[in-house]
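Scroll down for the structure; my scribbles are underneath it.
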Amino acid sequence: MKIVSWNVNSIKARLDHVLKYMDEFKPDLLMIQELKGLEFPKNKLEATGYYTHAITQKSYNGVAIISKEPFEVILDALPEDQDDEQARYLEIKLGDVHYINIYLPNGNPAPGPKYEYKLAWMERLYTRLNGLVEDNIPFVIGGDFNVIPEEKDCASPQEWKDDALFRIETKKAFRSLLNLGLIDSFRVFNTGDKNYTFWDYQAGAWQKNNGIRIDHFLLSPLMADRLESCTINKAPRGWEKPSDHTPIELHLAA
DNA sequence: ATGGTCGTGTGACGA
């Protein structure tokens, strides 16, 4: 089973990219982030034979799951804050497994209220994932985590030193998730540097491979034995008018 | 050291 996560930076601007990706790389389940609009092109995506569910808001954020198999929606928001209206979380169930798609807050500028929101969001996420682990519910969580886990996950650590994606509190919160027993799937197969999922549009970052690894797939303990591979597909970042992120691809044994 | 690039929606803000 092929599961993919991709921050598309606007579904309106990137619909043709997503359709091309689906046709060329045939994911079984595709998690996309940063839809950036209220409207979701459900009909055009489902004309391919896939099922979809989207969580959207005006202008910002937004996440969706596109799946070959029909699925049940478990949660359309992260629990524990009724006033949080940002479209950043979707949890579904397919077979016995929960699949969670997140667009974790960026948090810049830090420090400040946006960074406080990010850290609070990560605590709420910890609570939810801890609950699933305790209940022995197998899950896969993918998405744009907006977390650079280690120095080797960026080209120039000095540049990111005080950034919300690389600050010590952010790395600690991410480490707490891993300490639940979750596996950073990509690092099981590749411990090297210069492996990125995002390159800024500015200053020739893509051409210079000045990127960061911020899109991740974490597996719950019960899913560990099913992990077959996890790789970054750089091709879509090189297409015309690309997203600034590229897909990360996970293969699980049936 | 500075500015640089996209997308939304048509302003300024977010990334």
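Every chain is numbered from 1 and lettered A, B, ... according to where its sequence line falls, protein lines coming before strand lines. These numbers come from a predicted model, not from an experiment.
- Taking the P atoms as reference points, B:dT2 lies 27 Å from B:dG7, given to the whole Å.
- Separating the P atom of B:dG4 from that of B:dT10 is a span of 24 Å, rounded to the nearest Å.
- Salt bridge annotation for A:Glu150-A:Lys171: absent, with no cationic side-chain nitrogen under 4.0 angstrom from a carboxylate oxygen.
- Side-chain nitrogen and oxygen atoms of A:Arg14 include none within less than 4.0 Å of the OP1 or OP2 phosphate oxygen of B:dC6.
- Take the nearest nucleotide of DNA chain B for A:Ser59 and for A:Glu34: the residue whose nucleotide is more 5' is A:Ser59.
- Between the side chain of A:Arg88 and the backbone N or O of A:Ile102 there is no donor-acceptor pair closer than 3.5 Å.
- Annotation: B:dG11 and B:dC6 have their P atoms spaced 23 Å apart (nearest Å).
- At least one side-chain nitrogen or oxygen of A:Lys114 sits closer than 4.0 Å to the OP1 or OP2 atom of B:dG14.
- Looking at A:Lys68 and A:Asp28, a side-chain N of the basic residue comes within less than 4.0 Å of a carboxylate O on the acidic one, giving a salt bridge.
- Atom CG of A:Leu15 is separated from atom C1' of B:dG7 by 16 Å (rounded to the nearest Å).
- For A:Lys241, a side-chain nitrogen or oxygen approaches OP1 or OP2 of B:dG7 to under 4.0 Å.
- In this structure, A:Arg213 is not positioned above the aromatic face of A:Phe186 in the sense of NZ or CZ being under 6.0 Å from the six-membered ring centre and within 45° of the axis.
- When the P atom is compared between B:dA12 and B:dA1, the two are found 30 Å apart, to the nearest whole Å.
- If you take CZ of A:Arg88 and P of B:dG14, they are 11 Å apart, rounded to a whole angstrom.
- A donor-acceptor contact shorter than 3.5 Å is absent between the side chain of A:Arg124 and the backbone of A:Thr127.
- The CZ atom of A:Phe166 sits 19 Å away from the C1' atom of B:dA15 (whole-angstrom rounding).
- Taking the C1' atoms as reference points, B:dT8 lies 22 Å from B:dG3, given to the whole Å.
- Between the OH atom of A:Tyr60 and the P atom of B:dC6 there is a distance of 19 Å, given to the nearest Å.
- Comparing B:dG9, B:dG4, B:dA15 against the side chain of A:Lys58 picks out B:dG9 as the nearest.
- Residue A:Gln202 is the one, among A:Ile11 and A:Gln202, whose nearest nucleotide of DNA chain B lies closer to the 5' end (criterion: closest heavy atom).
- In this structure, CG of A:Asp244 is placed 12 Å from P of B:dT8, rounded to the nearest angstrom.
- With distances taken from any side-chain atom of A:Tyr103 to the nucleotides B:dT8, B:dA15, B:dG9, the minimum falls on B:dA15.
- The nearest whole Å value for the distance from the CD1 atom in A:Ile214 to the C1' atom in B:dA15 is 9 Å.
- Rounded to a whole Å, the NZ atom of A:Lys208 is 10 Å from the C1' atom of B:dG4.
- Atom OH of A:Tyr117 and atom P of B:dG14 are 13 Å apart (whole Å).
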